[in-house]
Amino acid sequence: MEFDGVKEKTLVLVKPDAIQRGLIGEIVGRFEKKGLKLVGIKMMALDDEILTKHYSHLTDKPFFPSLANFMKSSPVIAMAWEGLEVVNAVRLLCGITKARTAEAGSIRGDLAMSVSCNVVHASDTVENAQNEVKRFFDEEELHNYNKSEYEHVYAEDER
Ligand code: UDP
Ligand code: MG
């Protein structure tokens, strides 16, 4: 029987700046190499309705209109990644919001310079991740499958 912890999911968006800069493969590769399981992926155009919910903590900020325009400037890649404590692990991989001060080695630290154009979104808490995965993916778009590398990614008592 699989341990419930490895079923934790998080939402990642590859943002329009990364789409324009040809960084989809690079970003997906970072999560793959970490040993995470991709359980959902699609390209989608975001509208004001989903952005207002997704960025509900920011709608009263002066930069919200330009953030919304940026997020609508091209489609994004939405992904659901699964793994043990994956929400925290993915936030660490992404680095802090202001990309030019994000730690070298992180996705933002290596690939971006801006506070706004910072190449990725990642859910920040387990509770938000559950809501965000549901917001971006229908149930039938999330896949359940065995990943043989788990035998090498996790110790027996972790998977
Ligand atoms: N953002 C911005 N200006 C700011 C703060 C945030 O344009 O001063 C944008 C940026 O794209 C960021 C997103 O709004 O990634 C969401 O902000 P949040 O504080 O949730 O940062 P994150 O969780 O993405 O690191
Ligand atoms: Mg956030």
Side-chain angles (χ1 to χ4, degrees), residues 4-139 141-143 153:
D4 271 359
V6 293
K7 292 281 185 192
E8 186 175 302
K9 292 178 186 53
T10 195
L11 179 83
V12 172
L13 301 177
V14 179
K15 291 182 174 181
D17 54 329
I19 306 284
Q20 294 294 340
R21 295 175 56 210
L23 294 173
I24 300 169
E26 165 79 32
I27 291 169
V28 173
R30 299 280 180 120
F31 300 115
E32 286 186 311
K33 279 179 248 172
K34 181 71 168 170
L36 308 183
K37 189 195 283 187
L38 184 62
V39 295
I41 183 166
K42 62 180 172 181
M43 187 173 229
M44 60 193 291
L46 306 182
D47 59 18
D48 287 322
E49 192 188 341
I50 197 164
L51 283 168
T52 303
K53 288 182 193 146
H54 180 65
Y55 285 136
S56 61
H57 60 301
L58 300 174
T59 47
D60 58 353
K61 301 278 187 209
F63 61 82
F64 180 72
S66 57
L67 173 61
N69 283 338
F70 162 59
M71 293 298 290
K72 291 187 289 185
S73 64
S74 80
V76 301
I77 304 292
M79 301 182 284
W81 288 95
E82 197 177 85
L84 185 59
E85 296 175 21
V86 72
V87 174
N88 186 51
V90 164
R91 288 288 288 191
L92 291 172
L93 283 177
C94 288
I96 63 166
T97 312
K98 187 178 171 185
R100 60 185 170 274
T101 59
E103 200 173 353
S106 67
I107 292 170
R108 286 165 168 171
D110 287 353
L111 303 176
M113 282 297 286
S114 167
V115 179
S116 308
C117 304
N118 53 11
V119 295
V120 277
H121 163 81
S123 308
D124 60 354
T125 64
V126 174
E127 194 190 347
N128 285 343
Q130 284 170 349
N131 292 330
E132 291 181 4
V133 169
K134 270 195 218 132
R135 181 174 301 132
F136 282 83
F137 288 94
D138 293 332
E139 197 65 45
E141 292 175 319
L142 295 170
H143 299 272
V153 170

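What you see below is based on every heavy atom in this structure, not just the backbone, and it leaves out hydrogens, waters and symmetry mates. Remember, it's 1-based here, ligands and their atoms both numbered in the order they're listed.
Counting heavy atoms under 4.0 Å from ligand 1, residue R91 touches it through the side chain alone. Contact annotation: for R108 versus ligand 1, heavy atoms closer than 4.0 Å belong to the side chain alone. For N118, every heavy-atom contact with ligand 1 shorter than 4.0 Å involves the side chain, none the backbone. Contacts of D124 with ligand 1, taken as heavy-atom pairs under 4.0 Å, are absent altogether. Counting heavy atoms under 4.0 Å from ligand 1, residue Y55 touches it through the side chain alone. Here K15 has side-chain heavy atoms under 4.0 Å from ligand 1, and that is the only part of it that gets that close. With a 4.0 Å heavy-atom cut-off, ligand 1 is reached by the backbone of V115 and by its side chain too.
For the pair E8 and V87, the tightest heavy-atom approach, listed with the atom from each and the gap, is OE2-N, 3.0 Å.
Between M71 and ligand 1 there is no heavy-atom distance shorter than 4.0 Å. Remark: distances from the non-hydrogen atoms of H57 to ligand 1 include one below 4.0 Å.
Nearest to atom 11 (O) of ligand 1 by heavy-atom distance, out of A112, S114, S116, is S116.
Between F31 and W81, the ring planes lie tilted relative to each other; the angle falls in the 30° to 60° range.
One finds the CG atom of N69 at 13.5 Å from the CZ atom of F63 (value rounded to the nearest 0.5 Å).
Counting the atoms of ligand 1 from 1 in the order shown, those under 4.0 Å from a heavy atom of L58 are 14 (O), 16 (C), 17 (O).
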